[in-house]
Each structure stands twice: as structure tokens, then as C-alpha cells.
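First the structure, in the form of C-alpha cells, and then the observations on it.
The sequence lines fix the lettering, A, B, ..., with proteins before strands; numbering per chain opens at 1.
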Number of protein chains: 2
Amino acid sequence: MSEPRPILPEQLEAYLALKDVAALLEHAVEKQLRDDGGLTGPQFQILASLRDMPSGKLRMTDLADGLVYSRSGLTYQAAQLERAGLVTRAPAEDDERSTVVTLTQAGRDLLGVVMPGHIQVVQSLLLETLTDADITAIAGILGRVRDQMRAAPPRSATTRRSKRPA
Amino acid sequence: MSEPRPILPEQLEAYLALKDVAALLEHAVEKQLRDDGGLTGPQFQILASLRDMPSGKLRMTDLADGLVYSRSGLTYQAAQLERAGLVTRAPAEDDERSTVVTLTQAGRDLLGVVMPGHIQVVQSLLLETLTDADITAIAGILGRVRDQMRAAPPRSATTRRSKRPA
DNA sequence: TATTGTTATACTCTATAACTATA
DNA sequence: TATAGTTATAGAGTATAACAATA
């Protein structure tokens, strides 16, 4: 089979630049989170997700929706956070199957410690090098791309049981 | 200890969109590489880097320049690839300290097997959702950002703090 | 039976530091 | 001494599948 459509140089450049920028940025961010708060990227994302909720609580399933991890991976991370006293876990009142994860005050405090550095890294590495027009363009274009990717079927969170009869 | 500069909503959106798109794309790409060729992302990158050289060879140090890994990590990956028969390793002729990694025919063949699917994933998830103008914008803006990030002082720009158990 | 989450297991990856050898 | 690379080790992260409990 021939290759579907030869990728154009500018298309390749767009893809590679996106990939490289994201990788370099992620690397710097993870180092900052580790150095300033002993957190990994996934752990920080979980804490930040919880803080975005007025109640500071989310079910495991709701948390998983925003992340790219398997369920067991999320359980593992939640256990780490609980062990560090940054969240608590308890069965949901309305559905005993569900686990509600709640941000503790210590978790909130740690976010307060880590956020300034986090913002600083993102600003100095990414935002400060962009014009306002650049930022508008990136936010608009990639925002649309993200929405389309999320709407697409191949979601990784769908570790659902496949019903293919043998 | 106020946050240096409050991040604007559009700035945050640009950052988060970039992060999410890259993560979703990477996830899809890695799955394709694994399914079609039994390769991890880093391994594919090494093979692709070698194929981009007319000679099909690169020194370990040259390879490391394009990747974000530590030396030991690169050694590990190179060993995996060698074990799979996709590359060979030999000391450089002009400098006995250096190791030259060479793409084998099997490695080249595997790239041939994997590339069509790889391109297809990138096109369907990213490129096909973008206009030509979008692609030009992304390539230009992020290309510049990447160059600046690479030129920037490595990783010591971030603040240093004591570690916390997590 | 389906859903929610955990556990058990096995494996991959990554980093740090110590080490060898060449320059 | 500095550079190129490997090895030893150790820890963290992830996925899959089996499992338990609730709906």
C-alpha cells in the first residue's frame, strides 16, 4: 500500500514543533513541580482538578475524564496523594460504589506553594515569547483541535469491556 | 509571596490547549506505534532520526541532542533496539570513545511498515482538522518557540526548593 | 449484568552515581 | 581533566486482568 498522502513539509513542521514544544515544556514543568512540591505531573493535575471544584471534591470517574490514565493508574496516584495527606478518599453517599476524593487543607496549601513557580515556568518558557496575537491564535486553533479530538471515538479512558464475541 | 503576574484566561487556554492536544496526540501515536510495530515513542524517534541521515548513522551524543533523555536512558533504548536487530552499535573510527549507532535493513523495513499508520494518525487527528492558514500559523509560532526554548538556559532557570515526600 | 473502583502482577522507563576508556 | 558512553541500582509509573462490592 502506498502512503496515504505525502505529508507536506510545513505540516510536518507544525506537528514536530508542537511535539517538541510540549515535550520541553512538560519536562520543565515537571521538574519545577518535583523540586518545589515533591509532586509529579499527574498528581498536580489531580490536585488542580479538585481545587477547580467549589466543593473540592470529585469522584474517581470524574477525575479520570480529565486525565489520560487508566483506572488503576488513577487509583495508584490517588493512593499516593492520600498517603501524603493531600487528599482523602471516602465512599460516595448516594452511590456506595463510587469513591469521592476530597482536597485537604494541606493539599490546598501545597498548591499555593507550587503554583507561583508553575506559572512562572509557563510564562517564561512559553507565554513571554509569544505576542498577544500568537496567544490568541494558539488558543483558538488548538482549542478547536482539542475539542475535536475529545469528540472523536478513540478515547483512551474507554477501557470499557469490549463485547466482541469470540 | 504573590503570584508574579496573574495569568490571563486566554494565556491559560493557550497553554492548556497545547498541553492537551499534545498529550492526546502522543497517546494515539504511541498506541499506533506499539500496535503496528512494537515500538515505543522514544524508540521510533531514534529510528526516524537515523533514517534522516544519508548514512543511516549517528553517534550517541548526536542522538541525544534531539531527544530529552538522559544518557543512560538513551543507552537503554539503544540496547533494546540492538537486541531487536533494528540497529547496530560500534565504536567510532575517528574517536574511540564514541559509539556509532547504525540503522539496519530490518530497522528500515520496520519504519516502512510503521510510517503509513503513523502519518495517518497525525493527519486524521491533527492535520485534517486544520486549515492551511492554521498549519502555517502553528508551524511558524511554535517553531519559533521551540528554537527559543532550545537556546534558553537548560533547566537551571527554575527555582530550587527542598523536596517533600509525596 | 453492568458499573465503580481496587489489587496483584509484571514490565517499562527514567534518573543518579559510579565506573571504564579514550582524548 | 574533560568527554563519551555504560552499568548498577533503585524507584516510579503504567497497563492488564482478576477481583469485590454495589446498582
Legend entry - For B/Ala22, all residues meeting side-chain contact (heavy atoms from CB on, under 4.5 Å), sequence neighbours excluded: A/Ala22
Legend entry - Rounded distance (Å) that lies between atom C1' of D/dG13 and atom CD1 of A/Ile46: 12 Å
Inset, instruction - Check every strand shown and say whether A/Gln77 touches a base, only sugar-phosphate, or nothing at a heavy-atom separation below 4.0 Å. - result: sugar-phosphate
Inset, instruction - Using a cut-off of strictly less than 4.0 Å, decide whether B/His27 has a side-chain nitrogen or oxygen near OP1 or OP2 of D/dT14. - result: no
Legend entry - side chain to side chain donor-acceptor pair (under 3.5 Å) against A/Glu10, all qualifying residues, sequence neighbours excluded: B/Thr136
Legend entry - Nearest listed nucleotide, side chain of B/Ser98, among D/dT6, C/dT6, D/dA4: D/dA4
Legend entry - Results of side-chain contact (heavy atoms from CB on, under 4.5 Å) for A/Gln105 - residues two or more places apart only: A/Arg108, A/Asp109
Inset, instruction - Calculate the interatomic distance between A/Glu30 atom CD and C/dT14 atom C1'; express it in whole Å. - result: 12 Å
Legend entry - Base versus backbone protein contacts along nucleotides 16-23 of chain C [heavy-atom cut-off under 4.0 Å; B, S, -]: B-----BS
Legend entry - Spacing of A/Gln43 atom CD relative to D/dG11 atom P, expressed in whole Å: 17 Å
Inset, instruction - Grab the CD-P distance between A/Gln80 and C/dT7 for me, whole Å please. - result: 12 Å
Legend entry - Interatomic distance, B/Leu74 CG vs C/dT14 C1' [rounded to whole Å]: 12 Å
Inset, instruction - Sequence neighbours left out, what pairs pass ring-ring contact (aromatic ring centres under 6.0 Å, His included) with at least one residue falling in residues 35-55 of chain B? - result: B/Phe44-B/His118
Inset, instruction - Starting from C1' on C/dT3, measure out to CZ on A/Arg59 and report it in whole angstrom. - result: 10 Å
Legend entry - Taking every non-hydrogen atom, the tightest pair across A/Ile46 and A/Leu74: CD1-CD1, 3.6 Å
Inset, instruction - For residues A/Ile138 and B/Ile138, determine if any side-chain heavy atom of one lies less than 4.5 Å from a side-chain heavy atom of the other. - result: yes
Inset, instruction - Please determine if a side-chain N or O atom of A/Thr40 lies less than 4.0 Å away from the OP1 or OP2 oxygen of D/dG13. - result: yes
Inset, instruction - Output all residues satisfying side-chain contact (heavy atoms from CB on, under 4.5 Å) with B/Glu96, sequence neighbours left out; order by chain, then residue number. - result: B/Pro91
Inset, instruction - For B/Tyr76 and D/dA8, give me the distance from atom OH to atom P, rounded to whole Å. - result: 14 Å
Legend entry - Proximal nucleotide (of D/dG13, D/dA4, C/dT6) relative to the A/Thr99 side chain: C/dT6
Inset, instruction - Would you indicate what A/Thr75 reaches in the nucleic acid, counting non-hydrogen atoms under 4.0 angstrom: base, sugar-phosphate, or nothing? - result: base
Inset, instruction - Round to the nearest Å and state the distance from A/Leu63 atom CG to C/dT6 atom P. - result: 11 Å
